[in-house]
Amino acid sequence: MVDNGIGASVLRKEDNRFLTGKGNYTDDVNVLGQTHAYFIRSPHAHATIDRIDVSAASASEGVIAVFTGDDLEKDGIGPLICGVNVTSDDGEPHRAPLHPALAQGKVNYVGDHIAVVIAETLAQAKDAAEKVEIDYGVLPAIADTATAADNGQQQIHDVAPGNTCYNWPFGDKSAVEEAFETAHKISTLELVNNRMVTNPMEPRAALGDYNSGTEEITLHVTTQNPHVHRLVLSAFNQLAPEHKLRVVGPDVGGGFGVKIFVYAEELVVGWACRKVNRPVKWTSDRTEAFMSDAHGRDHVAFAEMAMDERGKFLAMRVNTTANLGAYLSTFSTMVPSYLYAFLLAGQYSTPLIYSEVKAVFTNTAPVDAARGAGRPEATYLLERLVDVCAEDIGLDPAEIRRRNFIPVDAFPYQTPVVQCYDSGDYPAALEKALSLADYDGFSERAKEAKSRGKRRGIGLSSYVEACGIAPSAAVGQLGAGVGLWESAQVRFNPTGNVQVFTGTHSHGQGHETTFAQLITEQLGVPLENIEVIHGDTAKTQFGMGTYGSRSLAVGGVAIAKACEKLIAKGKKIAAHALEAAEGDIEFEEGNFSVAGTDKSMNIAEVAFNAYVPHSYPEGLEPGFDENAFFDPLNFSFPAGTHVCEIEVDPETGEVEIVKYSAVDDFGKLINPMIVEGQVHGGIVHGVGQALLEGCQYDADGQLITASYMDYAMPRADNVPSFDVDYAPTNPPDNPLGVKGCGEAGAIGAPPAVINAITNALGIKHIDMPATPENVWRAAQSMG
Amino acid sequence: MYNFSFEKVKSVEEAVTAIQKAEDGKFVAGGQTMLPTMKHRLAGPSNIIDLSGVESLTEIKAHNECVTIGAMVTHRSVASSPEVLRDIPALAKLAGNIGDPAVRNRGTIGGSIANNDPAADYPAAIIGLGATVNTNKREISGDDFFTGMFETALEEDELITSISFPVANVAAYMKFENPASRYAIVGVFLVKLSDNVRVGVTGATACVHRGRRLEDALNKNFSPAAIDPVELSVEEMNSDIHASAEYRAHLVKVMTKRAVEACN
Ligand SMILES: Cc1cc2nc3c(=O)[nH]c(=O)nc-3n(C[C@H](O)[C@H](O)[C@H](O)COP(=O)(O)OP(=O)(O)OC[C@H]3O[C@@H](n4cnc5c(N)ncnc54)[C@H](O)[C@@H]3O)c2cc1C
């Protein structure tokens with residue numbers, strides 16, 4: 001066993017720099033001659049722009065330039081794109097309205113970009129922005145998801161009649177109908193999946209720097225995927241050819257999905273720095289972040305389950321309306337379709353599923369992937385519905401789950417909704433979670449709570465998700481414009497230390513530690529001799545970045561494959577040096593040795609030989625530096641059961657989470673401490689959605705939750721200390737035996753919390769966020 | 001932020017002269033309300049007169065059944081003051097729960113009450129305890145100080161120097177926090193004196209007020225049950241995305257009951 005290898009809870013290498021203020025975030029980067037950009041945004045949710053006059057602003061002190069949509073159009077820059085096609089029920093592609101980076105004649109949400117002022121200082125840019133004159137023709141706005149497509153609603157885009165982006169049916173409608181006709185019992189549920197503002201701690205930022213000598217643009221940007229940014233900006237937005245565009249996303253302070261996408265500000269800053277021939281910097285303030293970061297979730301759905309006498313699920317039918325906001329963000333179309341409907345089977349053997357998704361436009365900020373993306377929506381709907389089914393049929397929520405779980409011997413398991421689950425033992429996770437949560441002792445605790453005037457409730461959530469995104473062939477077939485493989489380069493330096501270049505991107509996940517542990521395990525190089533490098537298109541080979549809990553399951557495997565190549569080459573070098581046959585060389589814990597002898601050579605010595613090849617195998621290339629690409633055969637399917645126990649104060653409606661137990665299957669754990677941290681963060685994210693967070697627009701499309709004064713983020717005192725455990729299985733398709741863990745908490749938690757509240761109050765349903773007032777109102781109806 | 005002239009004064013007199021000379025001057029105390037407002041360009045005073053150098057405003061004195069707290073005393077200092085902890089523990093507790101540590105280290109009692117945010121905590125204590133607000137010009141009874149939403153009896157060039165609180169050992173502050181901002185959705189400061197009860201209510205209405213109906217009920221019968229039949233005017237309650245008027249009215253009663261329980 002090597003020290004600090006797979007399974008060791010090594011402290012994070014990156015934390016020294018983060019905890020001592022040495023992180024290098026986009027806004028920390030300042031370059032000589034830098035100017036500042038300030039965006040003029042629409043105060044109206046829906047309006048025509050009848051006139052813009054920038055003359056006074058242009059003459060304002062310190063102003064270098066003021067640009068509008070016309071300037072971008074003249075230079076052929078943009079529009080912004082959406083990279084995934086979803087075919088609508090009429091056989092046509094989804095409707096994609098023009099998404100200019102700066103408005104062309106019309107604005108469609110509060111915060112929509114109209115013009116940019118570039119000045120010597122930010123204050124001067126803001127002063128000038130106040131002098132830009134704009135005449136608006138205010139139009140009626142629609143912000144409500146449920147009614148956006150209704151007849152007679154204000155139309156937002158000509159290309160999208162009925163404000164509809166697509167209608168996307170999936171499954172065997174008539175077979176499902178038949179099953180419903182003959183079913184013993186049908187349970188139904190109408191619910192809302194609340195809109196969230198993702199709120200990474202570091203706001204978005206971009207710094208464009210053009211070098212007229214090399215004709216290269218360097219764009220520092222808050223990104224989860226520098227190469228995807230470069231590809232989209234080059235190939236689709238005409239910013240610069242790929243080889244003349246360098247995208248650098250050094251340290252990124254949280255992403256959660258928000259920093260996958262290519263935004264207007266980034267394109268404008270990248271273009272403007274060449275236009276004015278000065279570096280241009282923009283950093284979002286928190287208000288701008290609330291207005292213009294892509295939001296998450298925002299569904300209304302109606303779900304039905306058909307059951308037999310024993311509570312066995314026979315068929316499920318789901319009708320969903322998903323709000324995509326005013327324009328299509330980079331991956332928006334796939335979130336409520338492929339990432340949602342294909343997860344509706346959950347952990348159950350329901351044989352028939354039919355889903356209809358209507359994706360609508362509204363006068364709100366674009367909606368796209370946010371931690372879990374589609375899977376939290378599917379899981380919340382299903383796990384809430386299962387609890388309603390349990391109540392309707394008279395079974396304990398744990399028992400109805402047991403009866404419907406996909407049996408352990410059925411894996412790999414083909415669901416009726418495309419996905420084929422790799423591995424799972426759902427009963428094991430459930431039983432372990434129940435015992436961790438002392439499920440059997442709950443009624444005693446509830447009794448004791450009642451004596452104190454409190455109502456106690458317990459809720460389960462048995463989730464499965466699809467991550468490790470994703471097989472390129474599969475996503476290509478579905479309509480994605482990209483492949484989702486991953487890349488790695490593992491480079492030994494002559495002195496024996498290692499630099500690992502990954503195409504994934506770390507923005508809080510701890511890759512620098514986890515990936516180094518992989519190398520330590522495989523190559524026996526001490527952890528402190530390994531540096532993981534990411535986030536700069538000029539340093540790393542092309543990679544697809546980090547989202548969909550893919551970094552280890554896909555990117556980690558690419559690293560392992562590069563290591564295998566190094567070992568194979570090392571054997572040749574060692575055989576030559578040790579004067580043995582290549583076939584007799586064994587590699588273990590960093591040493592190449594001749595089988596059955598005490599002759600051996602450390603991998604560092606091998607590396608030195610490769611760079612100073614004075615005595616070297618004939619025909620072998622010098623150097624010790626290998627790269628590898630990995631395209632997975634399947635998604636990975638983490639799963640688990642979470643149990644939440646809460647107490648409601650019926651007098652005020654306050655909900656306190658008193659105990660939270662999570663048992664997850666993430667396959668093999670590389671660094672259990674980091675995994676547990678991801679679980680904690682994910683659960684808090686999910687608790688935030690369930691109890692606190694709700695992005696609200698009013699009827700005129702004004703964003704009312706535009707700051708932390710009104711948008712409630714979870715804090716440490718909103719959650720208890722978590723009980724976390726694992727029930728791992730071995731995914732056969734993944735060479736490292738790993739599954740993703742970054743999103744699981746945010747997927748599993750919301751239904752566990754809400755199921756606990758409905759259990760406490762004996763009610764059928766309460767929408768998220770279950771605010772004190774809503775819980776208080778629900779408690780009024782309680783006997 | 002717009003440009004402004006900055007002046008750090010050493011005495012109350014200098015502060016008053018400075019504000020009288022300024023075109024559109026503003027005192028700044030802890031800056032916890034003032035600076036965010038300026039950063040958002042919602043305020044653009046011509047002159048900022050910094051009070052942090054006026055030492056006479058930072059004292060806490062106990063005298064004659066009274067605790068007098070200087071206008072520039074921070075929330076943290078009130079929370080940890082031996083005099084306040086001894087003589088009005090409920091006030092120390094209130095101060096210790098305002099905002100977060102950074103806000104408590106900078107924010108001041110004078111700034112808080114001059115600002116009169118309808119969801120701020122201190123105003124409930126001023127009303128509940130029947131405090132007196134001392135200024136460079138006069139003494140203002142707490143009951144007369146808060147005149148409306150973000151409005152006070154202060155004149156343009158009037159500076160709060162200190163607040164005098166009568167000693168109150170039987171008192172409690174119950175706050176129902178806004179889950180986002182953690183200001184008060186409703187806050188009730190209840191004081192049980194030898195002959196009567198005073199209730200200051202913040203968060204619930206456009207401006208802090210005395211809960212007269214609650215006081216009447218409790219003067220007759222000092223028990224949580226006495227609150228049940230009290231009818232509060234829902235129409236006067238604030239209503240926002242966090243709490244409807246009806247819910248706020250309900251919470252005023254619940255918080256009052258809990259304050260009574262804490263005093264019993
Ligand atoms: C994140 C955050 C959370 C908060 N949470 C709470 C909370 O839970 N409860 C709560 O009650 N408050 C809360 N606050 C407000 C906080 O208590 C502020 O400190 C207070 O409102 C203002 O005090 P200040 O000393 O910072 O005043 P400043 O911001 O400096 O001034 C505020 C106003 O008072 C005037 N002023 C200041 N001193 C005087 C004086 N001596 N005489 C006359 N006028 C004066 C100023 O001119 C200005 O108009 C919070 C603030 C923040 C930033």
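Residue numbers start from 1 in every chain, and the chains themselves are labelled A, B, ... in the order their sequence lines are given, proteins ahead of strands.
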Residues, nucleotides or ligands: over 12 heavy atoms within 6.0 Å of [X] [atom1]:
X	atom1	result
B/Asn3	CG	no
B/Arg76	CZ	no
A/Glu61	CD	no
A/Glu130	CD	yes
A/Lys126	NZ	yes

Chain B heavy atoms under 4.5 Å from [X]: which part of the residue, side chain, backbone, both or neither?
X	value
A/Thr652	both
A/Glu693	neither
A/Pro714	neither
A/Thr705	side chain
A/Gln696	side chain

Between [atom1] on residue [X] and [atom2] on residue [Y], distance to nearest 0.5 Å:
X	Y	atom1	atom2	result
A/Thr287	B/His40	OG1	NE2	3.5 Å
A/Glu651	B/Arg258	CD	CZ	4.5 Å
A/Asp717	B/Arg182	CG	CZ	4.0 Å
B/Ile241	A/Asp698	CD1	CG	10.5 Å

Just checking, any donor-acceptor pair under 3.5 angstrom between side chains of A/Arg777 and B/Ser244? yes
Report which part of B/Lys253 has an atom under 4.5 Å of a heavy atom belonging to chain A: side chain, backbone, both, or neither. neither
Heavy-atom nearest pair, A/Glu773 first then B/Ala243, reads OE1-CA, 3.1 Å
Looking only at heavy atoms, which two atoms of A/Asp710 and B/Ala180 are closest? And how far apart? C-CB, 3.6 Å
Against chain A, work out which of B/Arg248, B/Glu246, B/Arg41, B/His242 has the most heavy-atom pairs shorter than 4.5 Å and name it. B/Arg41
